[in-house]
Amino acid sequence: MQSCVFCKIIRQEAPAHRVYEDDRVIAFLDIFPVSEGHTLVVTKKHYVDLFEADSESLQAVAAIAQKVAHALREVVRPQGLMVFQLNGAAAGQTVFHYHMHLMPRAEGEPLRLHARQPGDPQRLAELAAKLRACLRSE
Ligand code: AMP
Ligand code: ZN
């Protein structure tokens, strides 16, 4: 998919604060984080959504989501962690390449799925480096 932003990240044609990568899956920080550590776990193959994705890729995303969740718990120490995945514009999907959100949550925080402000690039880079180190040491 030439114009898909996540495919561009996968092909290294667009920048991202990567935290993990293997043959099937890539994980990087959301560039508009709702909370510190908001991470996306993405299939390497371009599938629009859950309905298109193959089960091997879905299983790989779930397994890596758990690994990244452990790293987030160690590095960010959130009170809670929300996992969600949107299918179709009506559900709020904005990037039409299958991905799962891992979103650290704090007690009493209003529930938002998207943010309007981009994250501070320096802060995102530092956090991604810590998460990468944590995932390497597992
Ligand atoms: P969704 O609404 O579930 O499709 O989520 C798409 C997410 O991708 C949003 O939270 C966006 O902030 C995020 N996003 C869009 N472009 C990029 C990008 N270039 N790098 C990282 N995250 C992105
Ligand atoms: Zn794509």
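Only heavy atoms go into these numbers, but all of them, side chains included; no hydrogens, no water, no symmetry mates. All ligand and atom numbering here is 1-based and tracks the order in the structure. Residue numbers count from 1 along this sequence.
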Q: Could you tell me, atom by atom, which parts of ligand 1 come under 4.0 Å of a heavy atom of Leu29?
A: 21 (C)
Q: Would you say Phe6 touches ligand 1, if touching means a heavy atom closer than 4.0 Å?
A: yes
Q: List the closest protein heavy-atom neighbour of atom 2 (O) of ligand 1: residue, atom name, distance to the nearest 0.1 Å.
A: His114 NE2, 2.5 Å
Q: Crowded around Glu13 CD? As in, over 12 foreign heavy atoms under 6.0 Å?
A: yes
Q: List every atom of ligand 1 that sits less than 4.0 Å from any heavy atom of Phe28, numbering the atoms from 1 in the order shown and giving each element.
A: 21 (C)
Q: Using non-hydrogen atoms of the residue, decide whether Gly92 is closer than 4.0 angstrom to ligand 1.
A: yes
Q: Looking only at protein heavy atoms, which one is nearest to atom 22 (N) of ligand 1, and how far off is it?
A: Ile31 N, 3.2 Å
Q: Which atoms from ligand 1 have a heavy atom of His101 less than 4.0 Å away?
A: 1 (P), 3 (O), 5 (O), 7 (C), 10 (O)
Q: Can you tell if the side chain of Leu58 reaches within under 4.5 Å of the side chain of Tyr98, non-hydrogen atoms only?
A: yes
Q: Could you check whether any side-chain N or O of Asn87 sits under 3.5 Å from a backbone N or O of Leu50, counting only pairs where one atom can act as donor and the other as acceptor?
A: yes
Q: Can you tell me if Lys8 contacts ligand 1 (heavy atom of the residue under 4.0 Å from the ligand)?
A: no
Q: Report the member of Leu40, Thr94, Val42 with the shortest heavy-atom distance to atom 4 (O) of ligand 1.
A: Thr94
Q: At a 4.0 Å cut-off, with the gap strictly under it, does some heavy atom of Leu113 reach an atom of ligand 1?
A: no
Q: Would you find a donor on one side and an acceptor on the other, under 3.5 Å apart, between the side chain of Glu109 and the backbone of Arg105?
A: no
Q: Mind checking whether Leu81 and Leu29 sit in one hydrophobic cluster, side chains of I, L, V, M, F, W, Y counted as touching below 4.5 Å?
A: yes
Q: Which heavy-atom pair separates Val68 from Ala27 by the least distance, and what is that distance?
A: CG2-CB, 4.2 Å
Q: Which of the numbered atoms in ligand 1 are below 4.0 angstrom from a heavy atom of Phe32?
A: 12 (O)
Q: So which pairs with a foot in residues 55-84 pass side chain to side chain donor-acceptor pair (under 3.5 Å), sequence neighbours left out?
A: Arg24-Glu56, Asp54-Ser57
Q: Take the Zn ion (ligand 2) as the vertex and measure to ND1 of His46 and ND1 of His97; round to 10°.
A: 100°
Q: Note the single closest protein heavy atom to atom 19 (N) of ligand 1, along with its residue, its atom name and the distance in Å.
A: Val5 CG2, 3.6 Å
Q: Check whether any side-chain heavy atom of Leu72 lies under 4.5 Å from a side-chain heavy atom of Thr39, and answer yes or no.
A: yes
Q: To check your reading of the site, what angle at the Zn ion (ligand 2) do SG of Cys7 and SG of Cys4 form, to 10°?
A: 120°
Q: Which option wins on minimum heavy-atom distance to atom 1 (P) of ligand 1: His38, His17, His99?
A: His99
Q: Just wondering, do Leu40 and His38 contact through their side chains at under 4.5 Å, heavy atoms?
A: yes
Q: Can you tell me the protein heavy atom closest to atom 15 (C) of ligand 1 and the distance?
A: Val95 CG2, 3.9 Å
Q: Would you mind running through ligand 1 and noting each atom that sits below 4.0 Å from a heavy atom of Gln93?
A: 2 (O), 4 (O)
Q: Report the distance from atom NZ of Lys44 to atom SG of Cys7, rounding to the nearest 0.5 Å.
A: 11.5 Å
Q: What distance do His97 atom NE2 and Ile9 atom CD1 have between them, rounded to the nearest 0.5 Å?
A: 9.5 Å
Q: For atom 9 (C) of ligand 1, what is the closest protein heavy atom, and at what distance to 0.1 Å?
A: Asp30 OD2, 3.3 Å
Q: What atoms of ligand 1 come closer than 4.0 angstrom to any heavy atom of Leu86?
A: 2 (O), 3 (O)
Q: I need the minimum non-hydrogen distance between Val42 and Val61, along with the two atoms involved.
A: C-CG2, 4.4 Å
